[in-house]
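Below, chains carry the letters A, B, ... as their sequence lines are ordered, and counting in each starts from 1.
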Amino acid sequence: MWVEHLSRYVGETVTLRGWVYHRTRKGKLVFLRFRDGTGICQCVVFKPNVSEEVFERARSVTQESSVVVTGTVREESRAPGGYEIDVQDFEILHLAVDYPITPKEHGPDFLLKHRHLWIRSPRQAAILRVRAGVERAIRDFLDGNGFIEADAPILTPSACEGTSTLFELEYFDLGNAYLSQSGQLYAEALAMALGKVYTFGPTFRAERSKTRRHLTEFWMVEPEAAFFTLEDIMDMAEDMVEYIVQYVLRHHRRELEFLGRNLEKLEKVRRPFYRMSYTEAVEWLRQHDVKLHRKTPDGKEILVDFPWGEDFGAPQEEALMEQFDKPCIVHRYPAEVKAFYMKRDPEDPRVVLAMDMLAPEKGGEIIGGSQREDDYEALKQRILEHNLPLEDFQWYLDLRKYGSVPHSGFGLGIERTVRWITGVEHIRETIPFPRMLYRIEP
RNA sequence: UCCCCGGUAGCUCAGCUGGUUAGAGCGGGUGGCUGUUAACCACUAGGUCGGGGGUUCGAAUCCCUCCCGGGGAGCCA
C-alpha cells in the first residue's frame with residue numbers, strides 16, 4: 001500500500017509504511033505529514049479515538065522516524081493533497097534523533113554535506129523523478145528508432161579530446177589509465193559493427209570549473225550512426241530533444257508543477273528548432289554589439305568586436321539565446337576550436353561539420369556533435385597536428401582502413417538537460433550524488 | 001589558475017566606523033490548545049564569533065596569513 005494509490009481506498013482502512021516528514025501538535029490533535037517515497041499524505045491522530053499509548057507515540061515521534069500507520073482514508077479539503085488518514089494505530093519502527101534538515105532554509109554547503117538525507121525532501125525527490133523520466137525518454141526514443149545500446153569502457157588508455165582534463169589512475173603493471181571523458185571513439189567502432197548505436201553512462205572531466213553548469217562526473221548519452229551526415233544528426237538531435245521534453249511533460253507534469261516550472265514554455269519545444277551557422281552567429285553578435293573580453297599582453301582588459309575564429313563562451317551563448325523560445329543549433333564551427341576527429345566542411349575548409357544545441361531560458365549547451373573524419377590520411381594528419389600519440393589511436397585509425405563510411409554522432413548531457421527542463425538553477429541538484437571541484441562526499 | 005563574495009548557537013542570519021555579561025528567528029526540551037499547512041503562546045537549554053599570528057589598555061569588529069565554502073571567467077555536456 002503506497003501513498004500514490006490512496007485515492008482508490010477512500011472509506012477503507014489501510015496500513016502505510018514510511019517516514020514522518022513533519023509534525024504539528026495541537027492539544028488533543030496531532031498532524032503528521034507522512035511520506036513513503038511515492039507521495040506525502042497527512043495523518044490525523046485525535047486523542048479520544050486512540051489508546052493512551054498510541055497518542056503518546058504520535059505526540060512524541062520525531063522528524064524522519066520510520067513508522068507504520070493504520071487508519072481510515074477520507075477525502076478532506078483541508079489536507080494537503082486532498083486526502084488524509086484518520087489514524088487508529090501508530091507504531092514507531094525506528095525513532096530518529098536530531099534529524100539535521102528542518103523544513104526551514106539551509107545553505108548549499110550544509111545541504112550538500114547532508115546530500116544522503118537531502119534527497120528525502122520533496123523538491124529533490126521531484127527532480128530525481130524527472131531525471132529518471134529524461135533517461136527513460138532517451139532510451140525509449142533511441143530503442144524505438146533502431147539504435148542499439150552498446151556500452152563503452154570507463155577505464156581507457158588515452159585521451160579523447162586532449163589530455164588536460166583527464167582523471168589519471170594506475171592500472172596494474174600497464175602504466176596509467178584514465179577515466180573516460182566520452183564514449184565516442186568506442187561508439188564509432190560499435191557503429192561500424194551494429195549500424196546505429198548509443199552509449200549511455202558516466203563520464204569524467206578533471207576541469208577546474210566552478211559554475212552551476214559543471215560537474216566532474218556527469219552522465220552522457222552518445223548516439224552514433226553509420227552513413228549519417230551532419231544534416232541527419234542535426235535532424236535527429238531535434239527529434240530526440242522534442243521527444244524528451246514532451247515525454248516529461250506527459251509523464252511528470254506533477255513534478256514540474258511542484259518545481260514551479262513554466263509549462264507553457266516547454267510546450268513550445270516542438271520542431272523545427274532554430275538553426276544558424278557559426279558564421280551567422282558571429283555576425284549576429286557583432287550586429288548586437290556583444291563584445292568579447294580580451295587581455296592585452298600587458299594584462300589590461302579590453303572589449304573587442306567578436307572575432308571570427310574564437311569559440312563562444314557562456315556570455316555569448318546566453319546573449320544569442322535570449323531571442324529564442326526553443327533550442328537553437330549552431331553548426332559549422334572553426335576547425336581550430338574543435339576536436340581532431342571532426343570532418344572538414346568540403347565547401348569551406350576553415351570550418352568543421354560540427355554542431356552544438358543550445359537550450360533557451362539560460363539552459364546553455366546541452367548537445368555537442370559532429371560528422372566524423374572518415375578519411376584515413378586526413379585523420380592521421382589531425383592526430384599529429386593535435387600532438388596526440390599516434391600509437392594510441394591506431395585502432396581508431398583502423399576504422400578508416402577497413403570499410404570506412406561517413407558517420408556522425410552527438411553527446412547529450414543528462415544533467416544539463418534535466419537542469420533546463422526542471423528549471424533548477426544549479427546542476428548539483430540534478431544528479432543524486434554530485435561530484436564537483438571541491439566536493440566528493442558523501 | 002584568475003577575479004568577486006562569505007565563514008558568529010544544530011540551521012538561517014543580525015551585530016563589524018574597536019568599549020561592560022554576544023542577539024533574533026527556526027530547530028531541541030517542558031507546559032498549553034480539536035484543524036495545523038514552515039501553526040501559535042509561555043518558559044528553557046545551547047557559543048573557543050573558521051584556525052594561527054599581529055596592532056591595542058581593550059578585538060566578533062582593524063591588519064597579515066592559512067583553511068573552508070559560494071558565485072563567475074577560462075574549458076566544456
A.B. asks: Please produce a list of atom pairs where a protein N or O lies less than 3.5 Å from an N or O of nucleotides 7-14 of chain B.
C.D. replies:
| unit_1 | atom_1 | unit_2 | atom_2 | d |
| --- | --- | --- | --- | --- |
| B:C11 | O2' | A:Glu105 | O | 3.0 |
| B:C11 | O2' | A:His106 | ND1 | 2.6 |
| B:U12 | OP1 | A:Gly107 | N | 2.7 |

A.B. asks: Regarding A:His426, tell me which of base, sugar-phosphate or nothing describes its non-hydrogen contacts under 4.0 Å with the strands shown.
C.D. replies: sugar-phosphate

A.B. asks: Does A:Asp325 have any side chain to side chain contact (heavy atoms under 4.5 Å, CB included) partners at least two apart in sequence or in another chain, and if so, which?
C.D. replies: A:Lys268, A:Tyr274

A.B. asks: May I ask you to check if A:Arg350 and A:Trp308 form a cation-pi contact, with NZ or CZ under 6.0 angstrom from the six-membered ring centre and within 45° of the axis?
C.D. replies: yes

A.B. asks: Tell me every residue that passes salt bridge (charged side-chain N to carboxylate O under 4.0 Å, His left out) with A:Glu318, counting only those two or more places apart in sequence or in another chain.
C.D. replies: A:Lys362

A.B. asks: Show every side-chain hydrogen bond (donor to acceptor under 3.5 Å, both in side chains) that has at least one partner inside residues 433-442 of chain A, sequence neighbours left out.
C.D. replies: A:Asp109-A:Arg439

A.B. asks: Across the strands shown, which category fits A:Asp356 at heavy-atom distances under 4.0 angstrom: base, sugar-phosphate, nothing?
C.D. replies: nothing

A.B. asks: With heavy atoms under 4.0 Å as the rule, sort A:Lys47 into base, sugar-phosphate or nothing.
C.D. replies: nothing

A.B. asks: Sequence neighbours excluded, which residues qualify as salt bridge (charged side-chain N to carboxylate O under 4.0 Å, His left out) partners of A:Glu238?
C.D. replies: A:Arg275

A.B. asks: Can you tell me the base-pairing partner of B:A59? Count Watson-Crick or G-U wobble geometry only, both distances below 3.5 Å, and say none if there is no partner.
C.D. replies: none

A.B. asks: Within the structure shown, what part of the strands sits under 4.0 Å from A:Leu215 by heavy-atom distance: base, sugar-phosphate, or nothing?
C.D. replies: base

A.B. asks: With centres under 5.5 Å and planes under 30° as the test, does A:Tyr438 stack with B:G69?
C.D. replies: no

A.B. asks: Return the polar atom pairs (N/O with N/O) between nucleotides 41-50 of chain B and the protein under 3.5 Å, or none.
C.D. replies:
none

A.B. asks: By ring-ring contact (aromatic ring centres under 6.0 Å, His included), which residues pair with A:His114, not counting sequence neighbours?
C.D. replies: A:Phe110

A.B. asks: I want to check a possible cation-pi pair here: A:Lys338 against A:Tyr333, using under 6.0 Å from ring centre and within 45° of the ring axis as the test.
C.D. replies: yes

A.B. asks: Which one is paired to B:A73, where only Watson-Crick or G-U wobble pairs with both distances under 3.5 angstrom count?
C.D. replies: B:U1

A.B. asks: With both distances kept under 3.5 Å, what pairs with B:G18, Watson-Crick or G-U wobble?
C.D. replies: none

A.B. asks: Please list, chain by chain and in numerical order, all residues satisfying salt bridge (charged side-chain N to carboxylate O under 4.0 Å, His left out) with A:Arg261, sequence neighbours excluded.
C.D. replies: A:Glu361

A.B. asks: Looking at B:G70, I'd like to know if its phosphate oxygens (OP1 or OP2) sit under 4.0 Å from a side-chain N or O belonging to A:Arg439.
C.D. replies: yes

A.B. asks: So which protein N/O to nucleotides 32-35 of chain B N/O distances come out below 3.5 Å?
C.D. replies:
| unit_1 | atom_1 | unit_2 | atom_2 | d |
| --- | --- | --- | --- | --- |
| B:C33 | N3 | A:Gly27 | N | 3.4 |
| B:C33 | N4 | A:Gly27 | N | 3.3 |
| B:U34 | OP2 | A:Lys28 | N | 3.4 |
| B:G35 | OP1 | A:Lys26 | NZ | 2.8 |
| B:G35 | O2' | A:Arg78 | NH1 | 3.2 |
| B:G35 | O6 | A:Arg74 | NH2 | 3.2 |
| B:G35 | N1 | A:Glu84 | OE2 | 3.1 |
| B:G35 | N2 | A:Gln42 | NE2 | 3.3 |
| B:G35 | N2 | A:Glu84 | OE1 | 2.8 |

A.B. asks: Quick one: list whatever passes side-chain hydrogen bond (donor to acceptor under 3.5 Å, both in side chains) with A:Asp232, sequence neighbours left out.
C.D. replies: A:Thr229

A.B. asks: Taking any heavy-atom pair under 4.0 Å as a contact, classify A:Arg428: base, sugar-phosphate, or nothing.
C.D. replies: sugar-phosphate

A.B. asks: Using the side-chain hydrogen bond (donor to acceptor under 3.5 Å, both in side chains) criterion, which residues pair with A:Tyr396? Sequence neighbours excluded.
C.D. replies: A:Glu188, A:Arg400

A.B. asks: Mind checking salt bridge (charged side-chain N to carboxylate O under 4.0 Å, His left out) for A:Asp86 and listing every partner two or more places apart, or none if nothing turns up?
C.D. replies: A:Arg74

